[in-house]
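Reading through the structure tokens given below for one structure.
Quick caveat, the model's predicted, so the values are computed rather than measured.
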Amino acid sequence: MTWSEGLLGFAAGLLISVVTAPVGVSGAVFLLPVQVSLLGVPSPAVTPTNLLYNVVAGPGALLRHRGSGQLRGPLARLLIAGAVPGVVAGAAVRVFAVPGPQVFRLFVAALLLPLGLWLCARTLRPARPAGTGDGRGGAGEPEPGEPRLGEPSPAEPPSGQPSPRVTTLLAAVVGVAGGIYGIGGGSLLGPILVGRGMPVARVAPAALACTFVTSVVGAATYALLALTTPGTVAPDWLLGIACGLGGLVGGYLGARLQPRLPETGLRLLLGVMATGIGLLYAVQGLG
């Protein structure tokens with residue numbers, strides 16, 4: 001790695017992380033085209049290099065979220081429990097059986113493009129809340145402390161949000177994808193969970209925590225596979241660290257912006273980013 005490549009990696013990591021950290025998304029999705037097209041990182045080494053970026057950059061955003069209570073909350077534990085075995089399996093698939101980069105780009109486009117469009121549409125035209133009667137009180141008004149008609153009881157998850165079992169299974173599937181391509185679990189889990197009605201303030205720290213833990217496990221898995229597998233399997237350590245240091249600074253700055261932004265704006269930003277990534281990968285995959 002030359003000094004110019006290191007500076008470019010640092011700048012790219014910083015700018016990308018400033019934008020993605022407020023919505024709980026790893027910047028590795030955006031960093032991948034930079035590594036492949038501008039820095040010439042070979043495949044499959046680009047995957048663990050992205051995971052290394054997440055490892056170095058993650059603490060910046062996590063530090064800002066440490067007081068939210070969500071980094072060790074139930075959602076974070078569910079996501080990590082599902083994604084960790086998934087990322088190990090994904091790393092093995094990437095090294096021994098995964099198709100080429102063109103199929104990868106089409107896969108990401110097919111997933112993120114409709115997801116981003118759906119999230120934007122949901123944000124701009126939110127669903128109407130369930131009715132609560134005629135709105136005039138009286139006989140239809142519930143007693144104090146009782147849930148209103150159409151509202152979940154305290155023991156039930158809000159309507160439309162996935163159950164704990166579904167959340168864990170979803171995290172496992174996303175973990176496999178993250179292990180194959182190094183995009184970070186939060187890049188996919190964030191849009192899905194927010195689109196299912198979870199608040200961004202709850203999803204963002206849990207998704208970032210999941211991305212950090214799975215990236216540590218994934219990078220370690222690739223390092224072990226590189227000991228016995230020919231080819232460029234190990235990460236580009238210096239470049240990954242340079243990109244990650246930029247992401248470390250940008251992630252902390254981006255996370256500080258989250259409390260100052262309306263949730264609607266964060267949802268829309270997440271949808272626009274997912275749509276943009278999908279379009280980019282579709283053009284590259286079909287080109």
Side-chain angles (χ1 to χ4, degrees), residues 1-20 25-58 87 90-113 116 174 176-188 211 214-215 218-219 221-223 225-226 229-247 250-251 273-287:
M1 182 191 74
T2 65
W3 281 105
S4 60
E5 291 174 339
L7 290 175
L8 177 59
F10 179 87
L14 189 150
L15 294 175
I16 291 170
S17 193
V18 165
V19 176
T20 57
V25 175
S26 166
V29 175
F30 292 92
L31 189 63
L32 187 103
V34 174
Q35 293 190 65
V36 173
S37 301
L38 297 182
L39 299 175
V41 180
S43 181
V46 66
T47 297
T49 303
N50 260 2
L51 294 173
L52 181 60
Y53 160 84
N54 286 335
V55 172
V56 179
V87 76
V93 171
R94 176 68 161 120
V95 172
F96 298 112
V98 74
Q102 186 171 2
V103 177
F104 154 63
R105 292 185 175 97
L106 292 176
F107 167 80
V108 175
L111 184 63
L112 288 186
L113 184 55
V174 170
V176 173
I180 294 173
Y181 303 118
I183 58 177
S187 302
L188 300 178
T211 296
T214 54
S215 296
T221 302
Y222 275 96
L225 290 173
T229 306
T232 54
V233 177
D236 186 328
W237 296 99
L238 294 179
L239 181 60
I241 292 173
C243 294
L245 289 175
M273 287 194 303
T275 303
I277 297 171
L279 288 173
L280 174 64
Y281 278 73
V283 171
Q284 292 180 344
L286 295 174

Side chain to side chain contact (heavy atoms under 4.5 Å, CB included) between Val87 and Thr221, intermediate numbers included: CA-CA 9 Å; Val87 76; Thr221 302; 5.8 Å; no

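- The CG atom of Leu239 lies 7.5 Å from the CG atom of Leu31; values are rounded to the nearest 0.5 Å.
- Closest approach of Ala234 and Ala45 over heavy atoms only: O-CB, 3.3 Å.
- Scanning all heavy atoms of the two residues, the minimum distance from Gly278 to Ala109 falls at O-CB, 3.2 Å.
- We find the CD1-OH distance between Ile16 and Tyr53 to be 6.0 Å, quoted to the nearest 0.5 Å.
- Ser17 and Gly247 make their closest contact through OG-O, 3.1 Å (heavy atoms, listed as atom of the first residue, atom of the second, distance).
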Report the C-alpha separation of Leu113 and Thr275 in whole Å, then their side-chain angles, then the decisive distance to 0.1 Å, and conclude whether the side chain to side chain contact (heavy atoms under 4.5 Å, CB included) test is met. CA-CA 5 Å; Leu113 184 55; Thr275 303; 3.7 Å; yes

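- Taken to the nearest 0.5 Å, the CG atom of Leu8 stands 7.5 Å off from the SG atom of Cys243.
- Closest approach of Pro48 and Val233 over heavy atoms only: CG-O, 3.2 Å.
- The CZ atom of Phe10 lies 9.5 Å from the CG atom of Leu15; values are rounded to the nearest 0.5 Å.
- Thr47 contributes atom OG1, which lies 12.5 Å from atom CG of Leu52 (distance to the nearest 0.5 angstrom).
- The backbone N or O of Ala226 sits nowhere less than 3.5 Å from a side-chain atom of Thr229 that would complete a donor-acceptor pair.
- Counting only distance, with no hydrogens or angles, the side chain of Asp236 and the backbone of Thr49 share no donor-acceptor pair below 3.5 Å.
- Between Ala274 and Gly116, the shortest heavy-atom contact is CB-CA, 3.7 Å.
- Side-chain N or O atoms of Tyr222 include none that pairs as donor or acceptor with a backbone N or O of Val95 at under 3.5 Å.
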Val176/Ile180 under side chain to side chain contact (heavy atoms under 4.5 Å, CB included): CA gap, chis, key distance, verdict: CA-CA 6 Å; Val176 173; Ile180 294 173; 3.9 Å; yes

